[in-house]
Student: 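Here it is: the structure, laid out below.
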Amino acid sequence: MITKIFKVLIYLVILLIIGIVSGHFTFELLSYGRTVVMPELSGRNIEDVKKLLSSKKINLRVDGEMHDVHIPEGHILKQDIPPGNKVKEGREVGIILSKGPRIRNVPDLTGNTLDAAEAVLKERGLKINRIIYVHSNFAEKNIILAQRPEPHESGGDAFKIVVSLGKFPEEENR
């Protein structure tokens with residue numbers, strides 16, 4: 001009877017040791033898997049990024065798209081894991097794709113007053129970003145002389161106009 005108890009205890013100790021050793025190796029395998037360095041993705045073409053991440057065994061997730069004046073359409077605008085961070089193979093990185101600059105049809109504002117131009121732009125959801133005032137012998141005060149983007153161009157959000165201050169002061173006194 002004592003030998004049976006002794007055998008059962010030996011089997012339990014052996015089973016306990018095997019459990020601890022296998023648990024340790026499982027933990028090591030799961031927690032210390034192969035890591036890679038997250039590359040810089042911003043500004044890169046989506047197709048190039050797919051190939052790069054595939055070679056590093058990192059999965060790609062597109063979280064959305066945004067308009068951006070500086071990053072062309074189809075290129076990465078942002079990534080949710082900063083470049084240089086170490087990540088495990090199989091990890092997923094979320095990105096925001098650029099839709100390029102917001103393109104709008106540009107109205108012809110030349111010859112209009114500044115107030116009329118602002119009303120037209122407001123109606124179309126555009127704003128004047130910069131006004132340059134110049135003297136002109138050919139246009140009355142507050143008349144728009146030029147604009148950027150021009151009417152034949154497609155424009156983004158940066159709208160600039162040149163507005164007349166009227167004749168030069170010395171011309172008025174003559």
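What's counted below: heavy atoms across the whole structure, side chains too, no hydrogens, waters or symmetry copies. These numbers were taken from a predicted model, which means no experiment stands behind them.
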Student: So how far is it from L52 CG to L60 CG, rounded to the nearest 0.5 Å?
Tutor: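 These two atoms lie 10.5 Å from each other.
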Student: Measuring only between side-chain heavy atoms, which start at C-beta, is Y133 closer than 4.5 Å to L114?
Tutor: yes
Student: Is there a chain of hydrophobic side chains (I, L, V, M, F, W, Y, each step under 4.5 Å between heavy atoms) that links V36 to V93?
Tutor: yes
Student: More than 12 non-hydrogen atoms from neighbouring residues, nucleotides or ligands closer than 6.0 Å to CZ on R61, yes or no?
Tutor: yes
Student: Checking Q147 side chain against P107 main chain: does a donor-acceptor pair fall under 3.5 Å?
Tutor: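 Such a contact is found between Q147 side chain and P107 backbone.
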Student: Under 3.5 Å, is there a donor on one side chain and an acceptor on the other for T110 and D108?
Tutor: yes
Student: What's the separation between atom CG in L121 and atom CZ in F159, rounded to the nearest 0.5 Å?
Tutor: 5.0 Å
Student: Can you check side chain to side chain contact (heavy atoms under 4.5 Å, CB included) on V62 and I96, steps first, answer last?
Tutor: CA-CA 6 Å; V62 178; I96 304 289; over 6 Å; no
Student: Quick one, L12 with L16, criterion side chain to side chain contact (heavy atoms under 4.5 Å, CB included). Give me CA distance, side-chain angles, the key distance, then yes/no.
Tutor: CA-CA 6 Å; L12 286 175; L16 182 65; over 6 Å; no
Student: Less than 4.5 Å apart, side chain to side chain, heavy atoms only: is that true for L41 and P83?
Tutor: no
Student: Enter the distance from S22:OG to I17:CD1 here, rounded to the nearest 0.5 Å.
Tutor: 12.0 Å
Student: Which heavy atom of D68 sits nearest to which heavy atom of S98, and what is that distance?
Tutor: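 So the minimum-distance heavy-atom pair works out to CB-OG, 3.8 Å.
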Student: Looking only at heavy atoms, which two atoms of V87 and M38 are closest? And how far apart?
Tutor: CG2-CE, 4.1 Å
Student: Could you state the interatomic distance from NZ (K141) to OG1 (T113), rounded to the nearest 0.5 Å?
Tutor: 13.5 Å
Student: Is there side-chain contact between D63 and K78, with at least one heavy-atom pair below 4.5 Å?
Tutor: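 Counting from C-beta outward, D63 and K78 never come under 4.5 Å.
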Student: How long is the span from the CZ atom in R44 to the NZ atom in K50, to the nearest 0.5 Å?
Tutor: 15.5 Å
Student: Is there side-chain contact between I144 and V162, with at least one heavy-atom pair below 4.5 Å?
Tutor: no
Student: Taking it one step at a time, do L53 and N59 satisfy side chain to side chain contact (heavy atoms under 4.5 Å, CB included)?
Tutor: CA-CA 7 Å; L53 294 180; N59 298 317; over 6 Å; no
Student: Sub-3.5 Å donor-acceptor pair from the side chain of D80 to the main-chain atoms of G94, do we have one?
Tutor: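 Flag set: sc D80 to bb G94 pair under 3.5 Å.
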Student: Check whether any side-chain heavy atom of V37 sits under 4.5 Å from a side-chain heavy atom of N85, and report yes or no.
Tutor: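 The answer is no; the side chains never approach within 4.5 Å.
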Student: Check whether L109 and V163 end up in the same hydrophobic cluster, where Ile, Leu, Val, Met, Phe, Trp and Tyr are linked by side-chain heavy atoms less than 4.5 Å apart.
Tutor: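 Both belong to a single hydrophobic cluster.
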Student: Hey, what do you get for NZ (K56) to CZ (R91), rounding to the nearest 0.5 Å?
Tutor: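 One finds 15.0 Å between NZ of K56 and CZ of R91.
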Student: For E40 and S42, indicate whether the former's side chain and the latter's backbone hold a donor-acceptor pair under 3.5 Å.
Tutor: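 Checked: pair present.
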Student: With a 4.5 Å heavy-atom cut-off, do I76 and I71 have their side chains touching?
Tutor: no
Student: Check the pair I95 / I46 against side chain to side chain contact (heavy atoms under 4.5 Å, CB included), numbers first and verdict last.
Tutor: CA-CA 10 Å; I95 60 162; I46 185 71; 3.5 Å; yes
Student: Taking the side chain as C-beta and beyond, is there a heavy-atom pair between L165 and V134 under 4.5 Å?
Tutor: no
Student: Please find the pair of heavy atoms, one from A139 and one from L145, that lie closest to each other, and give the distance.
Tutor: CB-CD2, 3.4 Å
Student: Report yes or no: do I81 and L77 belong to one cluster of Ile/Leu/Val/Met/Phe/Trp/Tyr joined by side chain heavy-atom distances under 4.5 Å?
Tutor: no
Student: Salt bridge or not between E89 and R34? Use side-chain N to carboxylate O under 4.0 Å.
Tutor: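 Yes, this pair counts.
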